2 protein chains.
Amino acid sequence: MSGKKNSLTVADVAREAKVSKATAARVLGEYGIASEGARKAVLEAAERLGYQPNDLARSMSTGRSGLVGVIVGDIENAFFSQAVRGISDTLRAAGLNLIISNSSEQLSEEIEMVSVLLRQRVAGLIVAPTDARHVDHLKAALAAGTPVVTLDRHAPQLGADAVCGEDRQSVGRVLRRLQEEGHRHVAYVTAMKTRDGKLGRLEEIGISAVRERISGFLTQMREAGVEDPADLVFVGATGDDETTAVVTRILKRSPTITAILASDSLICARVFRELSDRGLTLPQDMTLVSWFDADWSRVTTPRISVVDQPTYQFGQKAAERLIARLKGDASPPRVYVIPTPLLERGTIGPAKTE
Amino acid sequence: MSGKKNSLTVADVAREAKVSKATAARVLGEYGIASEGARKAVLEAAERLGYQPNDLARSMSTGRSGLVGVIVGDIENAFFSQAVRGISDTLRAAGLNLIISNSSEQLSEEIEMVSVLLRQRVAGLIVAPTDARHVDHLKAALAAGTPVVTLDRHAPQLGADAVCGEDRQSVGRVLRRLQEEGHRHVAYVTAMKTRDGKLGRLEEIGISAVRERISGFLTQMREAGVEDPADLVFVGATGDDETTAVVTRILKRSPTITAILASDSLICARVFRELSDRGLTLPQDMTLVSWFDADWSRVTTPRISVVDQPTYQFGQKAAERLIARLKGDASPPRVYVIPTPLLERGTIGPAKTE
DNA sequence: GTAACCACTGATACCGGTATCATTACTTGT
DNA sequence: ACAAGTAATGATACCGGTATCAGTGGTTAC
């Protein structure tokens, strides 16, 4: 079939340069010492033959592998693809490459991916863990000496560096701002799926960022004197139709509910469209705030107010931490929090009073 | 430093199972034959010890490598990240993984990336080549037995499979539709950089998709009797400020110019925002059509008419072709054209007549 | 003059798998 | 009963690098 027979080896180069394999390997691998003459002869021979080193073989014998595994929920989502760009740029600068995997936010797939990456003997792992309660596979990687950094999420019992946004604080910040405008009943819309379509126990939420935000939401709402804030958390906004249904349910409770928080840019886009389709004007008829500053947030009318999650920076920081660990940094694991400020644009207005 | 000492080998498992290394390798590697008893003993020993195969070593000795290299212009761009998702899903189903690289649309980086990936002995390459005239590095990969598929772009002299959209036809289709509406002077806005900020010779455009579209644009415009269509191609819309400048230049030539074609969704977003900032109403004051159906195209008012480039499918098809080649398909290279229909929404209107 | 040191080199074991081949122990056929 | 075939196994070479170690020849030190 694919007869890949032509690959040249150091031995071939050595023969051509009339030196030993060991000497050729030293100059090609840039280790040890070699005389100026030998070096020139080998380099010229390599050039003449068109020698291409084999990194597979190199990592085999050194044990180190220039490859870092990255597992995200969905690269198609700008949130992650931007983070991946940050990771990629940073790793590349350190001479590392990345293998990308999609977990589709499913634990079983994540476990499978980790196994595949470990088989490839990646130097390290950057993961957005799907479930903070099930991280044994990551813990095993860590124990086996493969550093792990979690992205956007934190799993305390894992004992790995984490790079996160200010999930809890940002939701508090937004709510306080809305409360200033007189909003009392604010809906929080998230893609999270639950068995019965209702918000269950907080400890059962696997994605830490989601849990933190909802937890912060409930706390802040209770502090503001809202009796049953769990009723204001709308889960299951996974697709177009589901989000439409959620908006319908929210509007049925209008004018009580005067503001909507969208947990990501996809949800926000769908909510925004639903609202305008129904003839509502923002922010007069409804206040809307989203997480993640998608590239289109400033093209709508009015422009959308967002909690800016600079995921490129998330990625950068995660890659930096991983590189540090690879270089031997053995300090205790830390959580690195990236500021996620509220960017006020045109969709925050005073609460509509009936 | 990173003492990675614990890795178990087939030899360890063999010892534990009291069989030879060869037998253990046969059952763990699922090749050759082994008795039921031996199989059970080895599997149990592997389980007990927690053995994890080393794919590096495996690829070393087999020569095959389960990894496919992907080089795109920018993963951060939804156009590519969607394609990557298609590639990823398809490859995964065939038991392959992918290494992602960003060329930032720079030939030098692309060449470097190809070299890195080849060193990793990837099984194949999926590339969006930055310059169709400089593909020697890809040709070399092909010659060395590593199959290559180009994505979204075609380099005839490369002799590799290509997966493309209907670049030339789609621009003709759009223009004919606009001409029906009475538009004669249509602007085409692209991110392409040129030395002097003006459109040079077509043969000097490296990205084939860009060249095809502009070429199609010029042809169709000439057919419609527009005297100097090159004046209507606006290049260099690379960032926010640059695009603003382009819009300014276009509007200066209004009301002559009655419609704008944006070559990608980033440009479209910026053009759209610029137009609404200046108080223009679409489609009454200006017609706008973009390439790529970004997720936000349907949240604006009015919704944006787009040439739908289903890049997930681009990716799928490219991965399928690569897999076929890997399986030994030696048929002559082909160009696979994915339909890119015009989705008419709200931004196409009759030409404003003065 | 020779011991000690130095730069440089080559032979070879090794990384952890796969693949080949020879060997052993059983069947099976006639 | 004996040749031939077959299933199962173990020993070992091999993939293409790196790393170790034992020389070799030349220079400096006393």
Side-chain angles (χ1 to χ4, degrees), chain A residues 2-42 45-46 49-67 118-123 144-145, chain B residues 1-42 45-46 49-67 118-121 123 144-145:
Chain A
S2 54
K4 197 177 284 190
K5 199 74 286 321
N6 50 338
S7 77
L8 295 166
T9 74
V10 280
D12 298 318
V13 176
R15 200 174 310 119
E16 173 82 8
K18 298 192 194 343
V19 297
S20 74
K21 182 187 161 192
T23 300
R26 272 189 285 258
V27 356
L28 293 172
E30 296 177 334
Y31 63 94
I33 42 183
S35 66
E36 209 35 60
R39 160 162 283 104
K40 235 189 86 195
V42 171
L49 265 35
Y51 168 76
Q52 285 279 82
N54 182 335
D55 276 351
L56 239 54
R58 180 169 300 177
S59 344
M60 260 283 310
S61 68
T62 58
R64 317 175 257 291
S65 113
L67 253 31
L118 252 25
R119 275 207 261 287
Q120 296 285 347
R121 294 297 189 266
V122 291
Chain B
M1 303 296 101
S2 53
K4 196 176 282 188
K5 199 74 284 326
N6 50 340
S7 77
L8 296 166
T9 73
V10 281
D12 297 318
V13 176
R15 200 173 312 119
E16 172 82 7
K18 297 194 198 338
V19 297
S20 73
K21 181 187 161 191
T23 299
R26 272 190 285 259
V27 357
L28 293 172
E30 296 178 332
Y31 63 93
I33 42 183
S35 67
E36 209 37 60
R39 160 162 282 104
K40 235 188 85 194
V42 171
L49 264 36
Y51 169 76
Q52 285 279 82
N54 182 334
D55 276 351
L56 240 52
R58 180 169 301 177
S59 336
M60 259 283 309
S61 70
T62 58
R64 313 175 258 291
S65 111
L67 250 33
L118 252 25
R119 274 207 259 288
Q120 295 286 348
R121 295 296 189 264

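Per chain, numbering begins at 1; letters A, B, ... match sequence-line order. Here the structure is a predicted model, which is why all the values come from computation and not from measurement.
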Proximal nucleotide (of D/dG17, C/dG16, C/dG17) relative to the B/R58 side chain: C/dG17
Listed nucleotide nearest any side-chain atom of A/A25, set D/dG16, C/dG17, D/dT18: D/dT18
Could you list, one pair per line, each protein nitrogen or oxygen that sits under 3.5 Å from a nitrogen or oxygen of nucleotides 9-13 of chain D, together with the distance?
residue, atom, partner, partner atom, Å
D/dT9, OP1, B/S35, OG, 2.8
D/dT9, OP2, B/S35, N, 2.7
D/dT9, OP2, B/S35, OG, 3.4
D/dG10, OP2, B/S20, N, 2.8
D/dG10, OP2, B/S20, OG, 2.9
D/dG10, OP2, B/T23, OG1, 2.7
D/dG10, O5', B/S20, OG, 3.4
D/dG10, N7, B/R26, NH2, 2.9
D/dG10, O6, B/R26, NH1, 3.3

Contact list for residues 17-27 of chain B, test side-chain hydrogen bond (donor to acceptor under 3.5 Å, both in side chains), sequence neighbours left out: B/S20-B/T23
Divergence of helical axes at both termini of the helix from C/dG1-D/dC30 to C/dT30-D/dA1 - five pairs an end, 10° steps: 40°
When the side chains of residues 54-61 of chain B are checked against the rest of the protein, which donor-acceptor pairs come out under 3.5 Å, sequence neighbours left out?
residue, atom, partner, partner atom, Å
B/N54, OD1, B/L56, N, 2.8
B/N54, OD1, B/A57, N, 3.1
B/S59, OG, B/D55, O, 2.6

Check this one for me: any side-chain N or O of [X] less than 4.0 Å away from OP1 or OP2 of [N]?
X	N	value
B/S59	D/dC15	no
B/Y31	C/dT18	yes
A/R64	D/dG17	no

Closest-nucleotide ordering on DNA chain D, the 5'-leading residue of B/M60 and A/S61: B/M60
Would you list the atom pairs, donor with acceptor, under 3.5 Å between side chains in residues 31-40 of chain B and any protein atom, with sequence neighbours excluded?
residue, atom, partner, partner atom, Å
B/S35, OG, B/A38, N, 3.2
B/R39, NH1, B/A34, O, 3.3

Salt bridge (charged side-chain N to carboxylate O under 4.0 Å, His left out) partners of B/R15, counting only residues at least two apart: B/D12
B/L118 and A/Q52: CA distance, side-chain angles, deciding distance, side-chain contact (heavy atoms from CB on, under 4.5 Å) verdict: CA-CA 8 Å; B/L118 252 25; A/Q52 285 279 82; 4.2 Å; yes
